[in-house]
Amino acid sequence: MIIAIDGPAGAGKSSVARACAKKLGFKCLDTGAMYRAVAWLAVKEGVALDDDRALGQLADECRIVFEHDAGDPIAKGISINGHDVTEAIRTSEIDKAVSPVSAAASVRHAMTAQQRRIGSGGDYVIEGRDIGTVVFPDAELKIFLTATNEERAHRRVRQNADRGVGSIEYAEVLADIIRRDEADSSRGCAPLKAADDARIIDSTGTYIEDIIENICVLAHMTRAEASERA
Ligand code: DC
């Protein structure tokens, strides 16, 4: 079973996806981390961020590996071509570079293929922007998680402070979130948007535990309905 969780930056997708996966005994895939890793590699290799062909080659040939502790379905880190980039992909520099990189059709093509390969290997909660619309349009459960710009910026500031990477300046983070939403929503290839059959959940002012519980109940109901039909 695939649970797709899409939505804009800072809506709480990562926390919700991880917690739901833990509760349901699913694996979890953070597709944003994959685009960030490719952006990191492009910056490191000096590839122009508007060179679709060169970016595509990089994305096709790179080896992205999620690092797990034994038996833990939640990745604790990510590497690309053998470089541990777990923290390096969360800097402001990569926040900016990832928009043009993730807008390149060639990069999306390569990442979509990798994500489909990974997701076909069992029960997964997969978070991103285009999981329910493009990567897994037949996902059994689709969630589109949103929150106001201000709430998302506050959360990102707290997250960056906890991680010790990225900006902790509210105004800067808010401006970046608005810029990234605009770039993600207006790109020609696989833009950020809710699938027609997604359930839209606004997490503004809501306890994250309630959202997690809500999604887990929906997952159990979806599974029960599927086994009744079978
Ligand atoms: O979820 P995130 O903020 O880590 O994602 C980083 C960037 O990657 C974000 O600007 C949009 C892009 N992205 C995407 O285009 N498609 C996805 N499935 C996941 C992320």
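We count residues from 1, following the sequence as given. Note that ligands are numbered from 1 as they come in the structure, with each ligand's atoms numbered from 1 the same way. Treat the numbers as computed from the prediction; the structure is a model and nothing was measured.
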Member of V47, V85, V101, N81 meeting the side chain to side chain contact (heavy atoms under 4.5 Å, CB included) criterion with L41: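 One option only clears the test, and that one is N81.
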Which residue and heavy atom of the protein sit nearest atom 20 (C) of ligand 1, plus the separation: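 Its nearest protein heavy-atom neighbour is G32 CA, 3.5 Å.
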Heavy-atom donor-acceptor pair, D52 side chain to A104 backbone, under 3.5 Å: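 No.
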K13 side chain to E127 backbone, donor-acceptor under 3.5 Å: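 No, K13 side chain to E127 backbone: no donor-acceptor pair under 3.5 Å.
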S102 versus R180, side-chain donor and acceptor atoms under 3.5 Å: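 Result is no, nothing qualifies.
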Atom 19 (C) of ligand 1 [closest protein heavy-atom partner, distance rounded to 0.1 Å]: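 Answer, as residue, atom name and distance: T31 OG1, 3.4 Å.
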Atoms in ligand 1 flagged as close to S102, the criterion being non-hydrogen separation under 4.0 Å: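 Contacts of ligand 1 toward S102, numbered from 1: 12 (C), 15 (O).
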4.0 Å heavy-atom contact, R90 with ligand 1: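 It does, in that a heavy atom of R90 comes within the 4.0 Å cut-off of ligand 1.
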Protein heavy atom at shortest distance from atom 16 (N) of ligand 1: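 The protein heavy atom lying closest is R108 NH2, 2.9 Å.
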Numbering as shown, the atoms of ligand 1 that approach V98 to under 4.0 Å (heavy-atom distance):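 So the atoms of ligand 1 that pass are 7 (C), 8 (O), 10 (O).
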Atom 18 (N) of ligand 1: the protein heavy-atom neighbour that sits closest, reported with distance to 0.1 Å: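 So the nearest neighbour among protein heavy atoms is D130 OD1, 2.8 Å.
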Worked check of salt bridge (Lys or Arg N to Asp or Glu O under 4.0 Å) between K193 and D6: CA-CA 8 Å; K193 67 171 181 175; D6 290 305; over 6 Å; no
For atom 10 (O) of ligand 1, closest protein heavy-atom neighbour: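 The protein heavy atom lying closest is R180 NH1, 3.0 Å.
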Validation row: E93, V43 side chains within 4.5 angstrom (heavy atoms):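 A side-chain contact exists here, since the closest heavy-atom pair is under 4.5 Å.
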From R18, R129, R36, R90, residue fulfilling salt bridge (charged side-chain N to carboxylate O under 4.0 Å, His left out) relative to D30: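 Of the listed options, the one satisfying the test is R90.
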Identity and distance of the protein heavy atom lying nearest atom 4 (O) of ligand 1: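 Among all protein heavy atoms, the one nearest atom 4 (O) of ligand 1 is R36 NE, 2.7 Å.
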Option set M111, K13, R129, R187, criterion heavy-atom distance to atom 2 (P) of ligand 1, minimum: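 Going through M111, K13, R129, R187 one by one, R129 has the nearest heavy atom to atom 2 (P) of ligand 1.
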